[in-house]
There are 2 protein chains.
Amino acid sequence: MTAIKDNNLSASLEDYLEAIFNLAGASNVARSKDIAKSLGVARSSVTGALRVLKKKGLANYRPYDYVTLTKAGQDIAAEVVRKHNIITSFFVNVLGVETDIAQQAACRAEHTLGPEVISKLLCFIGFVNKNSKNGYDLADEFKRFCKSRPQNNSFSGKQMSSTVGLDEVKPGQKCKIVRIIGRSGVNKRIADMGVVPGTILEVQRVAPLGDPIDVKLKGYRLSLRKEEASKIMVELGQSE
Amino acid sequence: MTAIKDNNLSASLEDYLEAIFNLAGASNVARSKDIAKSLGVARSSVTGALRVLKKKGLANYRPYDYVTLTKAGQDIAAEVVRKHNIITSFFVNVLGVETDIAQQAACRAEHTLGPEVISKLLCFIGFVNKNSKNGYDLADEFKRFCKSRPQNNSFSGKQMSSTVGLDEVKPGQKCKIVRIIGRSGVNKRIADMGVVPGTILEVQRVAPLGDPIDVKLKGYRLSLRKEEASKIMVELGQSE
DNA sequence: TGACAAAGTTAGGTATAACTAACTATACTA
DNA sequence: TAGTATAGTTAGTTATACCTAACTTTGTCA
């Protein structure tokens, strides 16, 4: 039970670590102003973050002094940078995403992809490179493939049933009742009026604040309160 | 200037939307308890999130009532689910990551990958599938490639110079001074004592609280305060 | 050396997103 | 139909991570 290494750094703190690591570069030193600029935050936010990093033993920080990373801080920062580079490299070299868009996406994704995915990604980049040397350039081949079918946006995975509440239907639209939600009391009242699943109805008029809503069904008119209408789930686009 | 659609949903709210969308499934209705369970949060947190989603016009919510998504909410949820599926599919089918790890990673990454990356990813999955039909199974080939070189963890992108403050060096270790940070006053004082970049020194004793630190350099001993030592950046692993 | 600008800090405030504990509404069941 | 279990809400607290405005420290230069 002796102080297990607490690796649970927030994405924000990892960003600070990475920024300091990158700024340190040649001089091993980062200045608060530059950290603030590179992360696009106020100077005072940097002060706060540095206090936390110091408390976690990742940065050497004393007020009004230069900032350096401890060994532990450097290790984490190096890992973040490594992830960042792997992800960017994949986006740019394999997927062919534009460099600055890839950079931004990588910066956001680097905190969320775990070691399994990262190592596979690294391996995959190696695979693509090796293949490219063997005469079959995968990245190139993929680029050609992309051009041949530019807009293939069909990957829904789930059949989108466009079911909405009756309170969202606009005047003039026809729809079919799919299901009625709600407690027995209200439910029964409107069921008595012929409002049951399967019924096709047409919205005729919606009052300014959406209450009440006038609908036509089975030849007669009905005025529903918005609260009731929201409980009647309907399917749009009924031609008849 | 008429109310431009505010698409800036937090990752947390997108998660709620996705959970409601998935729970709704057959019945078009989600219950607070189930949302809480599927996201692993307290029931009261769901109430709070639902209030926000209602205010943004994404969910139909009234206290003690069932929850449904508005058309707008459904659209966003469907997009999140779509992303989720694309990312998971890529992780599992192309990279060969284990399904539940891929699910978790996808769930975290789905909020951070923008449309460019997602569309490329989608396209890439199509590319891999097509290739697999043409006799060259890319995913399979990659799996074999992975096995042939299991531990290829070299992707640093940046030369890791293991430079730390002298205050982090343990007794007995030798190191070389790389750089001295700090204001002229202190800087000059220790420079006069022979502490200049390039010097190799050995840490002899560190007092209990890390202050002072006794070092040996150029044949004589020196006692440094921790504050001073932290400003002396050194490179570890000097054999001589 | 003393005034000034730049860098850094503090204080105080906001928003998000979670929690626990206590309360209230709803639904079920005898 | 009364009592109770469950679901849902409110109130109050915590932690993160940002902000602005005002203050302090530091370094430079005339």
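Heavy-atom basis, side chains included; hydrogens, waters and symmetry copies ignored. Letters A, B, ... mirror the listed sequences (proteins, then strands); counts begin at 1.
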Novice: Could you provide the dot-bracket string of DNA chain D, using ( ) for intrastrand pairs, [ ] for crossing pairs and | for bases paired to another strand, with Watson-Crick or G-U pairs below 3.5 Å?
Specialist: ||||||||||||||||||||||||||||||
Novice: Give A:S45 one of three labels, base, sugar-phosphate or nothing, depending on what nucleic acid heavy atoms sit under 4.0 Å from its own.
Specialist: base
Novice: May I have the list of side-chain donor-acceptor pairs in residues 37-47 of chain A shorter than 3.5 Å, sequence neighbours left out?
Specialist:
| residue | atom | partner | partner atom | Å |
| --- | --- | --- | --- | --- |
| A:S38 | OG | A:I35 | O | 3.4 |

Novice: Do we see a donor-acceptor contact under 3.5 Å between the side chains of B:S89 and B:N85?
Specialist: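 The answer is no; no qualifying pair exists.
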Novice: To the nearest Å, give me how far apart CG (A:L50) and P (D:dA17) are.
Specialist: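 About 13 Å, once rounded to whole Å.
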Novice: Starting at atom NZ of A:K37, determine the distance to atom C1' of D:dC18, rounded to an integer number of angstrom.
Specialist: 20 Å
Novice: Tell me what B:T47 touches on the nucleic acid: a base, only sugar-phosphate, or nothing, going by heavy atoms under 4.0 Å.
Specialist: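 The residue B:T47 makes base contact.
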Novice: Which nucleotide wins on minimum distance to the side chain of A:V41, given the candidates D:dT25, D:dC19, C:dA17?
Specialist: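 Nucleotide nearest to A:V41's side chain: D:dC19.
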Novice: Without swapping roles, check the side chain of A:K54 against the backbone of A:Y61 for a donor-acceptor pair under 3.5 Å.
Specialist: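 Indeed, once roles are kept as given, a pair shorter than 3.5 Å links the two residues.
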Novice: For A:K33 and D:dT26, what is the distance between atoms NZ and P respectively, to the nearest whole Å?
Specialist: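 It is 18 Å, rounded to the nearest whole Å.
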Novice: Taking for each residue the nucleotide of DNA chain D with the nearest heavy atom, is it A:A42 or B:S32 whose nucleotide lies nearer the 5' end?
Specialist: B:S32
Novice: Going through the distances and angles, do B:F90 and A:F90 end up as a ring pair (Phe, Tyr, Trp, His ring centres under 6.0 Å)?
Specialist: CA-CA 13 Å; B:F90 172 75; A:F90 172 74; 5.4 Å; yes
Novice: Examine C:dC23: is either OP1 or OP2 under 4.0 Å from a nitrogen or oxygen in the side chain of B:Y64? Give yes or no.
Specialist: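 No, outside the criterion.
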Novice: To the nearest 0.5 angstrom, please state how far the CD atom of B:E116 sits from the CZ atom of A:F91.
Specialist: 11.0 Å
Novice: To the nearest Å, how far apart are B:E14 CD and C:dA17 P?
Specialist: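 My rounded result for the distance is 11 Å.
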Novice: D:dT16 C1' sits how many Å from A:N8 CG, rounded?
Specialist: 14 Å
Novice: If I take atom NE2 from residue B:H84 and atom CD from residue B:E18, how far apart are they, to the nearest 0.5 angstrom?
Specialist: 5.5 Å
Novice: Listed by chain and number, what are the salt bridge (Lys or Arg N to Asp or Glu O under 4.0 Å) partners of A:E79, not counting sequence neighbours?
Specialist: A:R82
Novice: In whole Å, what is the span from the CG atom of B:D65 to the C1' atom of D:dT9?
Specialist: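 It is 14 Å, rounded to the nearest whole Å.
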Novice: Mind calculating the distance between OH (A:Y66) and P (D:dT25) to the nearest angstrom?
Specialist: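 It is 18 Å, rounded to the nearest whole Å.
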Novice: Report which part of the nucleic acid B:S10 touches: base, sugar-phosphate, or nothing (heavy-atom distance under 4.0 Å, all strands).
Specialist: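 B:S10: backbone/sugar contact only, no base atoms under 4.0 Å.
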Novice: Hey, is the side chain of A:R43 poking within less than 4.0 Å of OP1 or OP2 on D:dC19, counting only N and O atoms?
Specialist: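 Answer is no, no contact under 4.0 Å.
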Novice: In whole Å, I'd like the distance from the OH atom of B:Y16 to the P atom of C:dA17.
Specialist: 8 Å
Novice: Go through the N and O atoms of the side chain of B:S44 and the base of C:dT20, and report whether any donor-acceptor pair is under 3.5 Å.
Specialist: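 Yes.
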Novice: Can you tell me which nucleotide in C:dA17, D:dA17, D:dG8 comes closest to the side chain of B:S12?
Specialist: C:dA17
Novice: State, to 0.1 Å, how close B:V206 and B:V169 come at their nearest heavy-atom pair, and which atoms those are.
Specialist: CG2-O, 4.2 Å
Novice: Has B:R51 got a side-chain N or O lying under 4.0 Å from the OP1 or OP2 atom of D:dT10?
Specialist: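 Yes, such a contact exists.
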